Amino acid sequence: MGCSQSSQKYAEGDEPPLPPPRPPRKLKRDLIRREDQFKEIDNHALKTPGSATLSVAQLSTHLTQGAKSDLEKIRAFYRWITENIRYDTRKDFHDRNIDTTGAGVLRMRSSVCIGYANLFAELCRECQIPVKIISGYSKSFDYNPERVFTTDETPEHAWNAVYIQGNWQFVECTWGSGSVDDRGAFVKKFSDFHFLTEPKHFVVTHFPYMDSDMSKSQRWQLLPRTLFLETFSKRLKGFTPMYIWNLKPLSHPDGVITFTKKIEVSLRHAKSYFFVSARLLKKSSSRNFDQYVLVENVGGNRIRVRVTPPERGTYTLKLFGRGDPQVDELTPLTDYILKCEGVEDEVFAFPNHQGPFGSYHDHVEAGFHKSVGENALLQSKNGKIEFPIKTTKAVDAMAKLDHATKNLNSLDNYALLEREKGQLHLKAKFPCKGYYKLSIFTKNENKETYSPRIAYLVFCGEDYPNCEPFPKVFPQTTQFECRLLSPVTCEVKAHEQTQFRFSSSKVVQAMLDGKPMEKKGSVWEGVVKTASPGQQIKISASDQKGQNYWGIYVFNVM
């Protein structure tokens, strides 16, 4: 948030003599060692009675009661202001000549940024804590990444720097109190991030510019190497969680990217678990372009976002994330503006999938080896694919295949998952060219439901119109560790002698269309003359003699 304009100027002479601005030697993480460090002083500030708010001096005296340090004092000031002062969103704020002094803000309980900054500064001065009111440019709620800031504009925002324990620190009471939504309404929400924000994060959204003196103003960035206004304009703006989770853009530090055909954006996170999802929206279009974005985990805590737009134009790439697998809600991370100047001759959509392809966070607990899913992007060169999946225990699993844009018949089984010798064996067929999502589900413990554990992305470059699905299988097919040998399609010709073969070390009796099959080693065989078209042939089996038979394969007679 910012002011519609900031009419006040702040020269050094307007304030008490201050220590010179230098990069802090101690950062927030050095000053705040425990999550509950401010619990008592926060509670004290939140319980402030109305009788203590009749003047800035009274409020300062009350808030600092019991404070053990200047750090706790400024925390009390910050917590009271962010809780009790609302942001005034009316565009005619300055036309109404509203009093933005500390006393005026205290009386009205609402203001714009300069009022927040004035009240904080006056509270600090009441107890002789050095404080600076800084004005400058900000990337606020109405920020447009394509906008270029220039010194011809009047600085529209104000914030504070406060001097504690021999270091200057940033305090941003306005943004700490809440934000303005898309409708222009103030949404009250406390933010701890904007208290003692690290300069490297703060300068992404706040650029000091006071008294038309760039050289003097740049020192209040509190950075070893200061930024130029042009760099500030271009730099990607992240939302608060992006900095809390230490998500860093590697390939594209700027918020606007111009490219042809495709773009890959790389980022790095610092967490053991981090989930990223993406959306792609085209300006002046109601179509959904999300299926032209692919999110990949590429190792080394790196995430790559691949975008292949089907049309030229300007897009917004929105990134969302979460840092806890137990949390379902995704939080906005950042927005890129993508300017696509040319597209591929043939562009394939990606399947609907939220987040990166590969293993889910709980795949090891579900019985898969930790390495499973590391190589989740696959290509089929002949309309087929086959590979083993390492497991650490027997898992009750099933597979599902989805094309990115075409609806495969739900009764057609183009993915076959088999279990043998302590691992799963996956076979899949791809009738149409394009991208597929190949999902592996396992049964939840003590439940009859299945949950996804691995998602593979497979590309097939050609159509295979004669591609036939596998026969229908059942949960017992996997439990009995059956491997289909022949035929490997769901359809068999009518009125022909046909041999059926499968292997299993667990099956002790098997039936083919009601007739016993013969076991040779671990291979079960049987021959039957197929019936008329439209009929079915069923193989059933049992893992114990004299027990009920369970269906394991069903073939259609054509």
Side-chain angles (χ1 to χ4, degrees), residues 261-262 288-292 294 306 308 310-311 343-353 357 375-389 398-418 424-441 454-474 477 482-502 528-539 552-558:
K261 296 183 179 180
K262 66 179 180 180
N288 185 325
F289 291 87
D290 294 351
Q291 284 190 261
Y292 297 92
L294 174 65
R306 188 196 310 176
T308 54
E311 303 171 0
V343 299
E344 298 278 6
D345 293 334
E346 186 173 24
V347 179
F348 296 97
F350 299 111
N352 284 322
H353 181 67
F357 283 84
N375 182 22
L377 308 185
L378 309 173
Q379 183 166 354
S380 171
K381 297 182 179 179
N382 57 359
K384 302 176 184 178
I385 204 164
E386 183 175 343
F387 59 91
I389 301 175
M398 55 184 289
K400 185 175 185 294
L401 189 68
D402 295 290
H403 190 274
T405 57
K406 298 180 180 179
N407 292 324
L408 301 180
N409 190 328
S410 60
L411 299 178
D412 288 341
N413 186 24
Y414 285 105
L416 180 62
L417 193 61
E418 301 172 316
L424 294 173
H425 199 83
L426 182 62
K427 298 176 182 176
K429 299 178 181 180
F430 309 97
C432 314
K433 66 180 176 180
Y435 282 103
Y436 291 80
K437 178 181 176 180
L438 182 53
S439 304
I440 310 298
F441 297 77
I454 312 166
Y456 295 97
L457 177 69
V458 186
F459 180 71
C460 180
E462 296 182 35
D463 289 319
Y464 292 91
N466 298 323
C467 177
E468 293 185 23
F470 297 102
K472 182 180 178 181
V473 296
F474 303 85
T477 312
C482 300
R483 292 285 302 276
L484 182 64
L485 301 177
S486 65
V488 292
T489 61
C490 69
E491 297 178 355
V492 293
K493 292 183 179 180
H495 309 300
E496 285 191 358
Q497 291 289 117
T498 305
Q499 184 183 51
F500 294 82
R501 301 171 66 245
F502 75 94
V528 67
K529 185 174 182 180
T530 55
S532 301
Q535 302 297 309
Q536 290 186 329
I537 293 177
K538 183 177 182 179
I539 298 178
I552 55 173
Y553 298 109
V554 172
F555 301 82
N556 297 322
V557 180
M558 306 300 289

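A quick note: this is a predicted structure, and the numbers were derived from the prediction, not measured.
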Query - NZ/NE/NH1/NH2 to OD/OE distance under 4.0 Å, Glu462 and Lys433 - result: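 Salt bridge flag = no for Lys433 with Glu462.
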Requested in this report: Could you check Arg483 against His425 for side-chain contact (heavy atoms from CB on, under 4.5 Å), going step by step and ending with a plain yes or no?
Outcome: CA-CA 9 Å; Arg483 292 285 302 276; His425 199 83; 3.5 Å; yes
Report yes or no: does [X] contribute a side-chain atom to a donor-acceptor pair with the main-chain N or O of [Y] at less than 3.5 Å?
X      : Y      : value
Gln291 : Phe350 : yes
Tyr436 : Cys432 : yes
Thr530 : Lys493 : yes
Thr477 : Ile552 : yes
Asp463 : Pro465 : no
Asn413 : Pro471 : yes

[X] side chain near [Y] side chain, heavy-atom distance below 4.5 Å:
X      : Y      : answer
Ser380 : Phe459 : no
Glu418 : Lys427 : yes
Leu438 : Leu426 : yes
Glu311 : Phe289 : yes
Cys490 : Phe470 : no
Tyr464 : Pro431 : no
Lys437 : Phe357 : yes
Val554 : Ile537 : no

For [X] and [Y], work out which heavy atoms get closest and say how close.
X      : Y      : result
Leu401 : Leu408 : O-CD1, 3.8 Å
Ala399 : Ile440 : CB-CD1, 4.0 Å
Pro533 : Ala494 : CD-CB, 3.6 Å
Cys467 : Lys429 : SG-CB, 3.4 Å
Ala404 : Ala349 : CB-O, 3.2 Å
Leu377 : Arg306 : CD1-NH2, 3.9 Å

Requested in this report: Evaluate the side-chain contact (heavy atoms from CB on, under 4.5 Å) criterion for residues Ile385 and Leu378: first the C-alpha distance (whole Å), next the side-chain angles of each, then the deciding distance (0.1 Å), finally the verdict.
Outcome: CA-CA 9 Å; Ile385 204 164; Leu378 309 173; 3.8 Å; yes
Query raised in the report: Can the ring centroids of Tyr553 and Phe474 be said to lie less than 6.0 angstrom from one another?
Result: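 No - the distance between ring centres of Tyr553 and Phe474 does not fall below the 6.0 Å cut-off.
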**Report entry** Worked verdict on His495 versus Ser532 for side-chain contact (heavy atoms from CB on, under 4.5 Å)
**Finding:** CA-CA 6 Å; His495 309 300; Ser532 301; 3.4 Å; yes
Query raised in the report: Do you see a donor-acceptor pair shorter than 3.5 Å between the side chains of Gln536 and Asn556?
Result: yes
**Report entry** Pair Ile539-Phe502, side-chain contact (heavy atoms from CB on, under 4.5 Å): steps then yes or no
**Finding:** CA-CA 10 Å; Ile539 298 178; Phe502 75 94; 3.9 Å; yes
Working to the nearest 0.5 angstrom, can you tell me the gap between [X] [atom1] and [Y] [atom2]?
X      : Y      : atom1 : atom2 : value
Leu417 : Leu424 : CG    : CG    : 4.5 Å
His353 : Asp290 : NE2   : CG    : 13.5 Å
Asp402 : Tyr414 : CG    : OH    : 13.0 Å

Report task. Please indicate whether Asn382 has more than 12 foreign heavy atoms, meaning atoms of other residues, nucleotides or ligands, lying under 6.0 Å from its CG. Result -> yes
Query raised in the report: Are there more than 12 heavy atoms of other residues, nucleotides or ligands under 6.0 Å from atom NZ of Lys262?
Result: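 Not more than 12 within 6.0 Å, no.
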**Report entry** Aromatic ring pairing Tyr435/Phe348, orientation class (parallel under 30°, perpendicular over 60°, tilted between)
**Finding:**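 Correct class here is perpendicular.
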**Report entry** With sequence neighbours excluded, residues passing side chain to side chain donor-acceptor pair (under 3.5 Å) with Thr489
**Finding:**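 Residues passing side chain to side chain donor-acceptor pair (under 3.5 Å) with Thr489: Glu468.
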